[in-house]
Trainee: 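Have a look at the structure that comes next, please.
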There are 2 protein chains.
Amino acid sequence: MITSHTGTSGAEGKLPVATGSAEHLSTRKRILDIALELFTTQGYDKTSMREIAARMGFSKPAIYYHFASKEDILMALHLRLHEFGRNAVSTVQRDEASPRVWMALLDRLIDQILELHDLFVLQERNQAALAHLHRERHISEQDLLEDWFSLALANQEIPLDDRVRMTCAFKAVMGVMDLVDDVFSEVPSAALAALLREAVNDLMAPSLDPK
Amino acid sequence: MITSHTGTSGAEGKLPVATGSAEHLSTRKRILDIALELFTTQGYDKTSMREIAARMGFSKPAIYYHFASKEDILMALHLRLHEFGRNAVSTVQRDEASPRVWMALLDRLIDQILELHDLFVLQERNQAALAHLHRERHISEQDLLEDWFSLALANQEIPLDDRVRMTCAFKAVMGVMDLVDDVFSEVPSAALAALLREAVNDLMAPSLDPK
DNA sequence: GTCTATATAGGGATAGAC
DNA sequence: GTCTATCCCTATATAGAC
């Protein structure tokens with residue numbers, strides 16, 4: 001949940017930064033937070049600029065001072081994830097994603113995703129809108145998390161049964177993240193992460209043993 | 001792929017039917033097929049009625065003879081899945097979805113989903129639009145596949161570790177279906193189904209053994 | 001940095017002819 | 001069952017004042 005911060009803000013806030021993000025707590029950031037919430041709950045396309053503005057407490061055109069377009073807002077949100085993705089995956093070449101490497105990757109991802117899971121829900125719930133964005137502006141394919149994984153999983157040099165398990169493991173991790181709020185709302189993140197790790201481990205075990 | 005067929009009326013189009021659906025090959029059905037393709041590739045919101053009409057070979061208002069609204073088209077598509085869902089789940093009470101029952105359920109689902117996987121991709125890619133539809137018209141919650149599963153997985157009488165495994169298994173199945181075309185395009189369905197079953201089995205094994 | 005007012009386009013939907 | 005023409009609304013986005 002985004003606590004939108006009381007935001008009295010008003011005139012001149014040198015508001016203290018609560019997040020570890022690089023962005024300072026400017027109006028821009030507040031817009032992004034509100035947009036994130038609205039986009040995930042209502043969907044990108046069903047959310048209007050007017051609506052975002054209303055939540056901000058001011059009027060629609062004001063947003064255009066901070067963002068050139070509605071898509072730019074989505075883009076900015078997307079880039080947070082982008083950066084994270086590049087980071088998470090940087091140590092691994094896509095064509096050497098063996099089951100063992102994959103496990104290590106997922107293991108690292110579990111914690112990291114939990115922290116950013118708002119962004120992942122956004123991604124999950126607005127695949128269509130993001131795909132469109134992705135098509136329009138020519139984002140280098142390698143940079144995107146989902147694409148990177150898809151391509152890695154399509155690698156035919158890996159035995160098919162391993163690929164299936166790797167896919168299952170990946171989707172299981174992402175899927176559980178998606179249900180963190182709905183299904184596992186009462187469960188502490190750490191506990192969930194531990195159980196998830198266990199499950200993934202059992203799932204991948206046959207691919208990790210020498211054959 | 002739907003070959004839009006030149007279209008000129010086609011009073012007597014002997015179009016070869018590829019699908020085994022129950023609906024006869026009426027204009028209505030062709031609209032649904034085209035919409036399905038467009039909605040999945042471009043997203044529901046980015047697809048206009050004009051676009052659907054163009055593919056049909058006639059003009060926008062003609063569609064309104066067959067469907068009262070754009071949402072109705074999505075709805076009709078959604079109902080196919082709906083019916084399937086109710087069917088797939090009918091034998092199980094939600095509160096008795098033990099790990100063992102769950103396994104059996106997924107086992108049945110795997111084949112069935114493969115057959116209808118176009119519809120599942122639609123669902124995955126347009127979660128936002130469908131959620132909205134779902135909110136507006138008051139569809140009985142129990143009837144929807146995703147909701148049914150979410151609620152079953154939220155059942156706190158089931159041990160948490162089992163719930164996590166069940167969730168992983170479910171998401172793995174759905175997730176692999178989603179990637180059938182992208183990642184596993186070269187793999188025959190039957191082979192994929194078999195491997196998927198194996199993976200799910202290993203994943204669920206610890207929950208099936210007596211503790 | 002935020003406002004009011006406005007331009008503009010596109011989409012969903014209807015009326016009524018054929 | 002399909003067409004033409006049209007209505008109407010909403011949404012994005014801009015211009016320019018404060």
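Each chain gets a letter, A, B and so on, in the order its sequence line appears, and its residues count up from 1.
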Trainee: In terms of side-chain heavy atoms of Ser69(B), which of dA13(C), dG1(D), dA13(D) is nearest?
Mentor: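 Of dA13(C), dG1(D), dA13(D), dA13(C) is nearest to the side chain of Ser69(B).
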Trainee: Please determine, for the side chain of Pro61(A), which listed nucleotide (dG11(C), dA5(C), dT2(D)) has the closest atom?
Mentor: dA5(C)
Trainee: Rounded off to whole Å, could you give me the CZ-to-P distance for the Phe67(A) and dT14(D) pair?
Mentor: 15 Å
Trainee: OP1 or OP2 of dT2(D) versus the side-chain N and O atoms of Tyr65(B): is any pair under 4.0 Å?
Mentor: no
Trainee: For the pair made of NZ in Lys60(A) and C1' in dA7(C), what is the distance, rounded to whole Å?
Mentor: 11 Å
Trainee: Name the nucleic acid region contacted by Phe58(A), choosing base, sugar-phosphate or nothing; use a 4.0 angstrom heavy-atom cut-off, strictly under.
Mentor: sugar-phosphate
Trainee: Check the distance between dC7(D)'s P and Tyr64(B)'s OH and give it to me in whole angstrom.
Mentor: 17 Å
Trainee: Would you mind reading off the distance between Phe39(A) atom CZ and dA11(D) atom P, rounded to a whole angstrom?
Mentor: 13 Å
Trainee: So for Lys70(B) and dG11(C), does any side-chain atom that can act as donor or acceptor lie under 3.5 Å from a complementary atom in the base?
Mentor: no
Trainee: Nearest whole Å is fine: how far is dT2(C) C1' from Arg28(A) CZ?
Mentor: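 Between C1' of dT2(C) and CZ of Arg28(A): 17 Å.
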Trainee: With distance as the sole criterion, is a donor-acceptor pair present between the side chains of Asp181(B) and His117(B) under 3.5 Å?
Mentor: yes
Trainee: Could you check whether Arg137(B) pairs with Asp72(B) (Lys NZ or Arg NE/NH1/NH2 to Asp/Glu carboxylate O, under 4.0 Å)?
Mentor: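 Salt bridge present between Arg137(B) and Asp72(B).
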Trainee: Calculate the interatomic distance between Met49(B) atom CE and dC3(D) atom P; express it in whole Å.
Mentor: 14 Å
Trainee: For Asp45(A) and dG11(C), what is the distance between atoms CG and P respectively, to the nearest whole Å?
Mentor: 12 Å
Trainee: Looking at Glu186(B) and Arg163(A), does any basic side-chain N land under 4.0 Å from a carboxylate oxygen?
Mentor: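 Result for this pair is yes, salt bridge flagged.
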Trainee: So with a 6.0 Å cut-off around CZ of Arg50(A), is the heavy-atom count from everything else above 12?
Mentor: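 Not more than 12 within 6.0 Å, no.
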Trainee: Looking only at side-chain N and O atoms, does Ser59(B) come under 4.0 Å of OP1 or OP2 in dG1(D)?
Mentor: no
Trainee: Are any non-hydrogen side-chain atoms of Leu133(B) and Leu130(B) less than 4.5 angstrom apart?
Mentor: yes
Trainee: OP1 or OP2 of dT2(D) versus the side-chain N and O atoms of Thr27(B): is any pair under 4.0 Å?
Mentor: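 Thr27(B) to dT2(D) OP1/OP2: side-chain N or O found under 4.0 Å.
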Trainee: Provide, to the nearest angstrom, the distance between the CD atom belonging to Glu71(B) and the P atom belonging to dA13(C).
Mentor: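 Interatomic distance, CD of Glu71(B) to P of dA13(C): 8 Å.
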